Amino acid sequence: AGGLHGAFVFSTEARADIVAVDASVALARDGVMAFLDADSLDKAGFTNDVGGGEPLFAPGKVAYHGQIVGMVCASSYAAARTAAAVVKVTYANAEAPIMSFDDAEAAGSYFDLSPEESTAAAGDAAAAIAGAAVTVEGVAEVGGQAHFHMETQNATASPSEGGGISLVCCTQGPAFTQETVAKALNRSPACVDVRVRRVGGAYGAKISRNAAISCAAALAAETLGRPCRVELEQRDNMLALGSRRPHRCKYTLGLDVDGTLLGVDLDTTMMQGWFPDSSFGTPLDVIGSYDSAYRCANWRFKGRVARTNRPANTYCRAPGYLPAMLLLEVALDHAARSLGVAPEALRARNWYKSGDVSPRGQTMPTCTIDKCWSLLMDKVGGFEACRAAVDGFNATSRFIKRGLAVVPMRYTMAWEGGIHISLVSIQADGKLLLQHSGTEVGQGINTIAAQVAALELGVDVDDVSVGPTRTGAAACPGTTGTGGSITTEQVGSAVRNACQQLAARLAPYLAAQPTFAAAASAARDDGVDMQARGRFHGGKSTLGPFEYASYGAALLEVELDVLSGTARPLRAECVIDVGMALNPKLVSGQVQGGFMMGLGYVMGSESIDYAASGENLTAGTWEYKPPLAIDAPEVMNVTLLPDAPCATGFLRSKAVGEPPVLFGGAAMLALRDAVAAARHEVGADARNFTFASPAPPEALQAACGATAGDYTLAGQTN
């Protein structure tokens, strides 16, 4: 009762000065309590910063269309939104915004990066390419992808006893959110208690991008002394908070006549918004994955981060790895078609084998790409048969073409520096209450944590309850956020550590009592501590910068209408090495979900599109379409590689959340195969052609080389 709702006022200019903000009409409306902006925060002594130097409210100048200018606080959600719509913002000195890779190049608009953050090399790529029998060069580009959460960004803040703030929000990083909110309030983090029960879809955007929403709710609660909830609609979510980071790559490959890679030169630009995004990790995420699944003695990677008048882009499921894979695969596809060999044959000649070492110094003692590929071929009846079926269809079909791609996958997992905590308590009836520092985002972390506790203490999994994540409990300062697919196994390790402590304390009682509950009761009567704190702290791997890698192989067949550019997936077969799966059904579901997100990225009906003015033209459900059930392949099978324990993984397992996204990305190569068939039929160059991902129908139609005459019925003129 008495709670308020906050609604943001968004800028309608992308690059301009704010002359005045007039909220008088809004404040006169029934139920409206306050309007907060940069000036009011400054006067109240708050800090206008949500991390990385990004302001909560635009301070006198806007840097992108959709930037948050202020917030109306009202007694209802509807009252807040309608009042926010009548706040008048006056602008001056508007300039043409920097919106594209070309704009950034013309303006020289890039973030400053150190050589360590932007360059990498192994061997001598220039010399290898110069001496190669075959050289190919071109440009590949991949665009953004909206996170499109079912639960949009939200936070509810309430004043608490002692002058603190209690915050319930959908963050992937409770400790980060606690620190960011405390900084905005100019208070100690001890005064901010963050609680997360579960998150309805995250994909990386709730690591840092929830900070603005949480700060706004907390500042309103602190200012007005009443609870305040801020919840974005899907359109606002897409308008103000960025997307997957687009990339453009100029590539040069040197190869032997048999298709062996001799040298690779990649000049890559990643597109960021005006602010750098305060997510943990490297500012140029592809630098850790530019080699994808392929070995070569000579590499040169150079990267830049373009600064544009867009909202800060951020991590999106499989960041770095998905764009790196697609950019390199397009280059390899170009090379294969130039050599006149099947792209799959060129891939097989060059993918990593056991014992190889990556350009970053990662040793691969058990690379299982060969095993995954072999099992995949057994499942589909051999590549040659699949290829013959597709070619046979295309030979008899002028305007419907099919495409086929089979790709390897490698995805490395870094544990170093990760910190997670668990608290396990044995209750009066012998059942367990478990808390941990990870966040349930749909990946099943709570299920795995409960399974681990049940395994270690010998109880039924139904006797384990998992509580919400709280900064006042397990998610204490110093713990890392949930992301990178590795949190489940790191939390599992912390849970196991805590349960092993409890098992040691209970050992004499378990030997003397008939049941776990009886043993726990006897131990409690003797004053034994019935709670244990487990901790995981990732150290440096002996294999290189990563603890291990996930491997796999996938086949994807698509069908493309040459005249309309519409495409659909027909068949997907995936084989993935997940070590010894902790929960095979859960893991299989993650593979399917990851595949569909990658598929939606490539085959989405719309790419994220901006007007020259800086306005996002595809914000909202009418303009932007994520993949639905109808977009799934007609046939989809997932196989977990058997007998593949991971020596360095938790309980011999491997992470699974993000690697299968790369399988869906294989649609890009299957579409290229279909387009190549269409271009070959009309005499166009079927070796070197470009279209970006996502690939909406108009892009595919244009790439196919259809002419006006193709749309004329036989026997008809004009």
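Predicted model, so just to flag it, every value in this text is computed and none were measured.
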For this session: Enter the distance from S653:OG to E489:CD here, rounded to the nearest 0.5 Å.
Result: 5.5 Å

Exercise. Should L640 and V587 be marked as a side-chain contact (heavy atoms from CB on, under 4.5 Å) after you check the CA-CA gap, both sets of side-chain angles, and the distance that decides it?
Worked result: CA-CA 9 Å; L640 308 183; V587 166; 3.9 Å; yes

Exercise. So do the side chains of F148 and M238 get within less than 4.5 Å of each other, counting heavy atoms only?
Worked result: yes

Exercise. Of the non-hydrogen atoms in P323 and A318, which two are nearest, and what is the gap between them?
Worked result: CD-O, 4.0 Å

Exercise. Honestly, is R244 close enough over Y601, meaning NZ or CZ under 6.0 Å from the six-membered ring centre and within 45° of the axis?
Worked result: yes

Exercise. Between atom CG of N237 and atom CG of L232, what is the distance when rounded to the nearest 0.5 Å?
Worked result: 5.5 Å

Problem set entry | D277/R209 salt bridge by N-O under 4.0 Å criterion | yes

For this session: Spell out, as yes or no, whether a donor-acceptor pair under 3.5 Å connects the side chain of Q592 to the backbone of F595.
Result: no

For this session: Could you please spell out the steps behind the side chain to side chain donor-acceptor pair (under 3.5 Å) verdict for Y321 and T412?
Result: CA-CA 9 Å; Y321 289 85; T412 51; 2.4 Å; yes

Exercise. Just checking, any donor-acceptor pair under 3.5 angstrom between side chains of N497 and Q501?
Worked result: yes

Exercise. Between T471 and A175, what is the shortest heavy-atom contact and its length?
Worked result: CG2-N, 4.1 Å

For this session: Give a yes or no on whether the backbone of S76 and the side-chain of H5 come within a donor-acceptor separation of less than 3.5 Å.
Result: no

Problem set entry | Evaluation steps, side-chain contact (heavy atoms from CB on, under 4.5 Å), between Q451 and N583 | CA-CA 9 Å; Q451 285 183 272; N583 186 318; 3.2 Å; yes

Problem set entry | Side-chain heavy atoms of L582 within contact of L651, under 4.5 Å | yes

For this session: Would you check, one step at a time, whether the test side chain to side chain donor-acceptor pair (under 3.5 Å) holds for N446 with H436?
Result: CA-CA 9 Å; N446 288 347; H436 60 75; 2.8 Å; yes

Exercise. Taking C-beta and beyond as the side chain, do M364 and S354 meet within less than 4.5 Å on heavy atoms?
Worked result: no

Seminar exercise, completed: Separation between OG (S292) and CG (L662), nearest 0.5 Å, reads 6.5 Å

For this session: For R197, look at atom CZ and say whether over 12 heavy atoms of other residues, nucleotides or ligands are found less than 6.0 Å away.
Result: yes

For this session: Before giving the answer on side-chain contact (heavy atoms from CB on, under 4.5 Å), spell out for L56 and D49 the whole-Å C-alpha distance, their side-chain angles and the decisive distance to 0.1 Å.
Result: CA-CA 6 Å; L56 171 58; D49 191 317; over 6 Å; no

Exercise answer: donor-acceptor pairs, residues 213-222 side-chain atoms, under 3.5 Å, sequence neighbours excluded:
from	atom 1	to	atom 2	distance (Å)
S214	OG	N210	OD1	2.6
E222	OE1	R187	NH1	3.4
E222	OE2	R187	NH1	2.9

For this session: Mind telling me whether Y548 and W415 have parallel, tilted or perpendicular rings, with 30° and 60° as the class edges?
Result: perpendicular

Exercise. So, the side chain of Q362 versus the backbone of F546: is there a donor-acceptor pair under 3.5 Å, distance only?
Worked result: yes

Exercise. Backbone N or O of C499 within a donor-acceptor pair of the E456 side chain at under 3.5 Å?
Worked result: no

Problem set entry | Rounded distance (nearest 0.5 Å) linking atom CG of L423 with atom CZ of R470 | 11.5 Å

Exercise. After noting the C-alpha distance and the side-chain angles of K371 and D577, does the key distance pass the salt bridge (charged side-chain N to carboxylate O under 4.0 Å, His left out) rule?
Worked result: CA-CA 9 Å; K371 290 182 179 179; D577 174 4; over 6 Å; no

Exercise. Ignoring hydrogens and geometry, is there a side-chain-to-backbone donor-acceptor pair from R652 to M580 under 3.5 Å?
Worked result: no

For this session: Working to the nearest 0.5 Å, report the span between CG of L185 and CZ of F46.
Result: 6.0 Å

For this session: Evaluate the criterion side chain to side chain donor-acceptor pair (under 3.5 Å) for residue pair T479 and H420; output intermediate values, then yes/no.
Result: CA-CA 5 Å; T479 52; H420 281 283; 5.9 Å; no

Exercise. Considering only heavy atoms from C-beta outward, does the side chain of L641 approach that of T368 to under 4.5 Å?
Worked result: yes

Exercise. Hey, does the side chain of Q500 reach the backbone of A498 with a donor-acceptor pair shorter than 3.5 angstrom?
Worked result: no

Exercise. Where is the tightest heavy-atom contact between R571 and L556, given as atom of each residue plus distance?
Worked result: O-CD1, 3.2 Å

Exercise. Can you tell if the side chain of L376 reaches within under 4.5 Å of the side chain of C574, non-hydrogen atoms only?
Worked result: no

For this session: Kindly give the heavy-atom pair with the smallest separation between A211 and T180, and that separation in Å.
Result: CB-CG2, 4.1 Å

Seminar exercise, completed: In short, Q172 meets I207 closest at the heavy-atom pair OE1-N, 3.3 Å

Problem set entry | Heavy-atom donor-acceptor pair, S541 side chain to P545 backbone, under 3.5 Å | no

Seminar exercise, completed: Rounding to 0.5 Å, atoms CE (M409) and OH (Y551) come to a distance of 10.0 Å

For this session: May I ask you to decide if M597's main-chain N or O and Q145's side chain share a donor-acceptor pair within less than 3.5 Å?
Result: yes

Exercise. Would K206 and E151 pass as an ion pair if we require N to O under 4.0 Å?
Worked result: yes

Problem set entry | Over 12 foreign heavy atoms within 6.0 Å of NZ, K353 | yes

Exercise. Taking side chain as C-beta onward, heavy atoms only, is I576 less than 4.5 Å from F663?
Worked result: yes

Exercise. Are any of the side-chain heavy atoms of C170 and Q153 separated by less than 4.5 Å?
Worked result: yes

For this session: May I ask you to decide if G467's main-chain N or O and Q435's side chain share a donor-acceptor pair within less than 3.5 Å?
Result: no

Exercise. At their closest point, which heavy atom of A474 faces which heavy atom of I421, and how far apart are they?
Worked result: O-CB, 3.2 Å

Exercise. Are D291 and R360 ion-paired here, with the side-chain N under 4.0 Å from a carboxylate O?
Worked result: no

Exercise. Do we see a donor-acceptor contact under 3.5 Å between the side chains of T177 and T171?
Worked result: yes

For this session: State, with a plain yes or no, whether a side-chain heavy atom of L167 is found less than 4.5 Å away from one of T156.
Result: no

Problem set entry | Side-chain donor or acceptor of D460 paired with backbone N/O of D462 under 3.5 Å | yes

Exercise. Can F536 and I419 be said to form a side-chain contact (heavy atoms from CB on, under 4.5 Å), step by step?
Worked result: CA-CA 5 Å; F536 170 89; I419 298 175; over 6 Å; no

